[in-house]
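First comes the structure, then the notes that go with it.
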Amino acid sequence: MSERILSVLVEDKPGVLARVASTISRRGFNINSLAVGPTNIEGRSKMTIVTELESVEQVKKQLNKLINVIKIVELDPDNTIESEVLLLKVSINKDTQTSVIEKASLSGAKSVDVGQDYAVFEMTGSSKDLDKLENLLKPFGIIEMIRGGRIAIQTKL
Amino acid sequence: MSEEKLSGAELVVRSLEYMNISTIFGLPGGAILPAYDPLYDSPIRHILARHEQGSGHMAEGYAQATGELGVVIATSGPGATNLITPLTNALMDSTPLLAITGQVASEAIGNDAFQEAYTVGLTMAATKHNYLITSAEEIPQVLLEAKHIATTGRPGPVLVDIPKDILNQKVEWIEPKLIEMPGYKPTLEPNPKMISQAAELIKQSKKPILYVGGGIIHSKANQELFELATKFKIPVVTTLMGRGAFPDGNELCFEMPGMHGNYTATTSIQKSDLLIAIGVRFDDRVTANPKFFAQNAKVIHADIDPAEIGKIREPEVPIVGDAKSVITGLIEKLADTDLNTSDWLNELNQMKKEYPLSYNQEEKGPLKVPFVLEELQKLADDDAIVVSGVGQHQMWISQHWNFTSPNTWLNSGGLGTMGYSLPAAIGAKAAYPDRQILALDGDGCFQMTCQELITASTENIPIKIVVFNNGNHGMVRQWQKIFYKNRFSASELTHHTPDYVALAESMGATGLRMIEKSDVKKVFEKMLEIDDKPVLVECIVDPEDMVFPMVPAGGSNDVVILNEDDLKKL
Ligand SMILES: Cc1ncc(C[n+]2csc(CCOP(=O)(O)OP(=O)(O)O)c2C)c(N)n1
Ligand SMILES: [Mg+2]
């Protein structure tokens, strides 16, 4: 695996996402996923950035130069729990309805809305599991899909 | 604590006074007007530029000459956008700069109001950091923080954008104090383990080279560098930004390497077995194609900016820290090591004899820039500050001027900004009214910011300007000769327009002209005599002259083009 996961603690100040995004795009870094959200600490947000091995050192160093970036930790893949959320809307008809719902639920997705000709599934899991669900439902006609970006946490203290 | 309330504008001026800022550069306009009112009563000297780009370069010149913060102030919209070039320039050359810009009123932000520009967004990639003020109370604290960020670690420009309503808001002055910034803690002290490893490599090295740059000057580490080099007899090359960090003329100084560096400096790196790189960033103008750069050398790379280390070349020994501490650490660790570099120095000196920098000034022929420079240096003060434009003349100055102390050579190295010279010289002269400040400029560069000559005259800043008039964007012409079959597309300026002497006179300066060899000394003597107003000397020089040595962009430093005949190698 040539992917690397960075957990970036930032000050929750206006423009901080723009600064991080601008640094990444300006330097032409390869970013596979970026997700931001609040943390348990007041005034601090966390970004999970998934990048490639070859750019990871420079990404770390360049982001560290940003005044609003407090700390960057590269997560050890062996001790990391990763998760991502997905919402997916797929076409169904009388013939396919049962098999679509069964397939999705066997993959770990939850059906959150089922209409006459569509079903919406929600799933959280590793991005690989989400990929699998997507591939599984592709033949039935995916109408819309959205993923929330990968977030990760170290398992050990 | 005073009960008295001050406006945001008064807080700006009071904060500048509090930070001991004595001189600022700027140009007013609607959104920043409130700040100009209290400035009227302040002891701070405000120098009114004729264009915001000029004011930015003036602040840079001030900062680069003194090593202290330069301050520039501008209005919103076009005022702020005109600052983008000097801000980027300061970012590239690590110059400590504080830019204060007015912004449209808070409630108008985002509405495309008159003279609104998204200054914080536009300058995000042009500054080390920037701020948008959201309440007047913040002003003293943010300005102090901004100064701290601009002047510490790797210095750079910081911009503070202040909406007009906040400049008018009345609040109490709260004494600012530096509080810890969780995301900003520059590493100054190097890791001792790394210093030991570096010292080991130095001890084993037979052909070490100190490859040093602007970081030495920012860190004021020139004396330590001198001790390190002379005590252990290690030869030194100084990059374009590092000229003056180690004295030219010293037997260990081999001066500038790279694209237009001298043969020995460039080749010394190629032949070296150990690069001791301090305060440099392996710029492409030094390395050419990095694949072929110093292939036989191990690398010790010390820089205050961790992001520079490993960016271009992975070093054997990475050291994050301030140059002064790094060098002091190395001197201590090396203690009384006896490095035997005499063979190596002989080799380099032999090379220097074989491949000297040269030029050919004919008695009756057109003037050559290197000759004119050498004549000028004979007459100029030892502590004169030279401020260059960008182009052929810049390379010739770096090659032929003898720089013996830091902060005496100001130029736009990283960004290569034409138009830098004249305003930067004004900034330097504002800082050092008693020193000779020589703006040595190209005709193309001069035409980019020449209106600042009016600033120099009206503000009584008697700088000396030499315009090397080759009637061309000479460096562009040189490339067109070499790479574009003499097709001189849009590089000709003509020798005759403008009339530089008349232009200087019309702007309140004295204008002089030199055309032939016999003029040079006379005219320069006259130029140096005049001290009550700016003087401009138009120096008409050979348009066909080319800068050598040369390593074409992306080439290998093993193939140095020494002269026109050598171009066949390409
Ligand atoms: C703002 C800007 N525009 C364009 C260039 C590209 N450029 C580099 S050198 C040069 C010519 C400079 O001409 P001049 O000032 O006459 O100097 P000379 O090379 O003739 O000594 C140009 C156009 C630049 N460096 N900066
Ligand atoms: Mg020219």
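So you know, we letter chains A, B, ... as the sequences are listed, proteins then strands, and number each from 1.
Nearest heavy atom pair, residue Ile67(A) against residue Lys128(B), reads CG1-O, 4.2 Å. Across every non-hydrogen atom of His129(B) and Asn68(A), the tightest pair is CE1-OD1, 3.6 Å. In terms of heavy-atom proximity, Lys65(A) sits nearest to Ala307(B) at CD-CB, 3.7 Å.
No more than 12 heavy atoms of other residues, nucleotides or ligands shown are found within 6.0 angstrom of CD1 on Ile153(A). Residue Ile146(A) qualifies as open at atom CD1: its count of foreign heavy atoms under 6.0 Å is 12 or below.
Only the backbone of Leu66(A) comes within less than 4.5 Å of a heavy atom of chain B; no side-chain atom from C-beta onward does. For Leu132(B), no part lies near chain A; criterion is any non-hydrogen pair under 4.5 Å.
Rounding to the nearest 0.5 Å gives a distance of 4.5 Å between CZ of Arg19(A) and CE of Met124(B). Here NZ of Lys311(B) is found 15.0 Å from CD of Glu57(A). Values are rounded to the nearest 0.5 Å. With rounding to the nearest 0.5 Å, the separation of CG in Asp305(B) from NZ in Lys61(A) is 9.0 Å.
When Pro306(B), Pro182(B), Gly310(B), Ala125(B) are compared by the number of non-hydrogen pairs under 4.5 Å with chain A, Pro182(B) comes out ahead.
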